[in-house]
Protein chains: 2
Amino acid sequence: MPRQKRQPTTVEAAIVDMRRKISSRALSPGSRLPEEDLAQAYDLPRAKAREVLATLEDRNLITREPNKGAVVSAVDMETTYRLYEVREALDGLAVRLATLNTKPSDWDDVSELFGPSFEESLKAGDIDRHVEAIETFRARITAAARNPVLSDLLERVYDRTRVTIRRVALLPGRAAMGITQYRAVLEAIIRGDADAAEQRIRELNRSARDYIERYKDYVL
Amino acid sequence: MPRQKRQPTTVEAAIVDMRRKISSRALSPGSRLPEEDLAQAYDLPRAKAREVLATLEDRNLITREPNKGAVVSAVDMETTYRLYEVREALDGLAVRLATLNTKPSDWDDVSELFGPSFEESLKAGDIDRHVEAIETFRARITAAARNPVLSDLLERVYDRTRVTIRRVALLPGRAAMGITQYRAVLEAIIRGDADAAEQRIRELNRSARDYIERYKDYVL
DNA sequence: CAGATCAATCGTGTCGACAAAATATTGTAC
DNA sequence: GTACAATATTTTGTCGACACGATTGATCTG
């Protein structure tokens with residue numbers, strides 16, 4: 001159950017926060033989510049807490065059963081595989097659009113982020129920092145794509161893969177490989193080569209998916 | 001407001017039906033959707049009617065304002081354009097997967113549907129039949145792709161383009177062009193050429209989008 | 001007649017209460 | 001101690017009532 005917080009008070013804010021909590025595993029699969037707890041946590045009336053739950057259910061983040069309540073969904077291997085199939089296509093489009101919509105200097109700060117400090121945080125075992133850099137890059141790509149429909153769908157997919165991403169980053173060799181691949185994507189974007197950029201992020205997703213399949217016992 | 005129907009009684013059924021009503025313009029943009037009307041129409045308590053509204057809002061089919069209520073959203077040109085950008089990528093993936101997952105004989109019935117009767121229904125001005133054939137084809141593709149995540153996202157996109165599709169089919173020359181293009185897609189699928197099939201449905205979507213842009217005053 | 005003010009109405013927002021179902025706990029018998 | 005039955009508790013489901021905001025229409029005034 002989420003902890004107290006007296007600020008949000010709106011259904012939208014509660015949904016955003018719950019998505020974050022679920023996709024980051026601050027709430028783990030199987031956790032129960034009583035309406036009353038939600039209502040208290042976000043200072044909402046129970047009717048609105050139910051709206052939040054209905055929305056989360058429609059986003060496939062929780063399942064609800066009549067007279068039993070809501071529990072956080074687990075993501076199985078099959079679904080993860082399907083999520084990555086879709087991600088490959090959507091990320092590809094996002095990167096393509098981002099390349100077409102930006103000029104090289106727009107990526108100066110990301111280049112900085114992907115410089116030596118990218119390896120350092122990894123060597124220091126700071127996975128949080130590593131993942132955060134990647135999330136920043138992806139957020140920038142999504143924004144640069146300037147397609148709200150795409151952003152919306154990608155967020156729905158990310159919400160269901162975020163935890164897996166984190167675990168994949170811990171697998172032997174994966175993070176180092178990721179660094180190389182993300183830099184390759186960024187290089188193509190800066191170079192203005194949309195085809196190459198799309199191709200490279202597709203490869204990146206495929207290789208992440210391969211890792212997940214190979215190490216599924218540790219990741220899921 | 002939706003008319004009475006004493007069967008569904010479940011939130012899920014109400015959502016499906018409302019999605020259909022909105023995307024088919026049985027409910028036009030700007031229509032108001034009072035909670036009480038929804039509740040009566042589907043024989044639901046008001047609390048569950050609110051869950052339906054919350055879900056429809058999250059799917060971008062309606063907008064709600066505090067103390068005012070819900071109205072059916074209009075889809076503007078900009079959004080339509082973005083929807084088609086995403087469709088191109090998702091349809092491409094769906095067709096690719098469908099090609100890989102099927103054998104030629106799986107498409108016998110669709111071939112029948114896309115035979116001479118395809119032109120006949122158009123010549124007879126039977127747009128409903130024409131559009132229905134296309135929807136059947138797309139449903140088959142989605143099912144053959146065997147990716148629930150993809151199906152889910154595509155439905156969300158279709159819900160927001162369905163009306164436009166219908167109107168595009170009425171534009172001069174578009175339907176005839178569509179017939180050729182859909183047949184080309186089907187041919188590539190049957191031939192087992194996933195690359196060609198994906199390329200062709202992407203072209204199809206692009207050309208539909210071009211039509212929409214050219215005739216936007218009549219379509220939106 | 002224009003414009004402001006007020007009243008009535010409609011629909012949402014919120015609360016409280018309780019029924020109904022599922023689950024957990026306790027009690028009892030063997 | 002186990003198995004089963006009865007009971008208590010928890011949580012969802014539903015209803016009714018009413019406050020509040022927004023909108024509409026009527027009335028009054030200059």
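Naming: A, B, ... by sequence-line order, numbering from 1 per chain. Quantities reported herein were computed from a predicted structural model and do not represent experimental measurements.
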Partner set under salt bridge (charged side-chain N to carboxylate O under 4.0 Å, His left out) for [X], not counting sequence neighbours:
X         : result
Arg82(A)  : Glu78(A), Glu85(A)
Glu112(B) : none
Arg46(A)  : Glu35(A)
Arg160(B) : none

Are the side chain of Thr80(B) and the backbone of Asp76(B) linked by a donor-acceptor contact shorter than 3.5 Å?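 Yes: the side chain of Thr80(B) pairs with the backbone of Asp76(B).
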For residues 56-66 of chain A, dump all side-chain donor-acceptor pairs below 3.5 Å to protein atoms at least two apart in sequence or in another chain.
residue  : atom : partner   : partner atom : Å
Asp58(A) : OD1  : Arg59(B)  : NE           : 3.4
Asp58(A) : OD1  : Arg59(B)  : NH2          : 3.0
Asp58(A) : OD2  : Arg59(B)  : NE           : 2.9
Asp58(A) : OD2  : Arg156(B) : NH1          : 3.4
Arg59(A) : NE   : Asp58(B)  : OD1          : 3.4
Arg59(A) : NE   : Asp58(B)  : OD2          : 3.0
Arg59(A) : NH2  : Asp58(B)  : OD1          : 2.9
Arg64(A) : NH2  : Glu51(B)  : OE1          : 2.5

Protein-nucleic acid N or O pairs under 3.5 Å, nucleotides 19-21 of chain D:
none

Stretch residues 46-61 of chain A: residues that reach within less than 4.0 Å of DNA chain D through a heavy atom: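 The stretch gives Arg46(A), Arg50(A) as the residues lying under 4.0 Å from the strand, ordered by number.
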Could you tell me the separation between the CD atom of Glu36(A) and the C1' atom of dT10(D), rounded to a whole number of Å?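 One finds 11 Å between C1' of dT10(D) and CD of Glu36(A), rounded.
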Which residues satisfy the side chain to side chain donor-acceptor pair (under 3.5 Å) test with [X], sequence neighbours excluded?
X         : result
Asn101(A) : none
Arg174(A) : Gln181(A), Ser207(A)
Glu213(B) : none
Thr164(A) : none

So the contacted stretch of DNA chain C, first to last nucleotide with an atom under 4.0 Å from a non-hydrogen atom of chain A, runs from dT14(C) to dT23(C)
Distance below 4.0 Å between Lys68(B) side-chain N/O and dT23(D) OP1 or OP2: yes
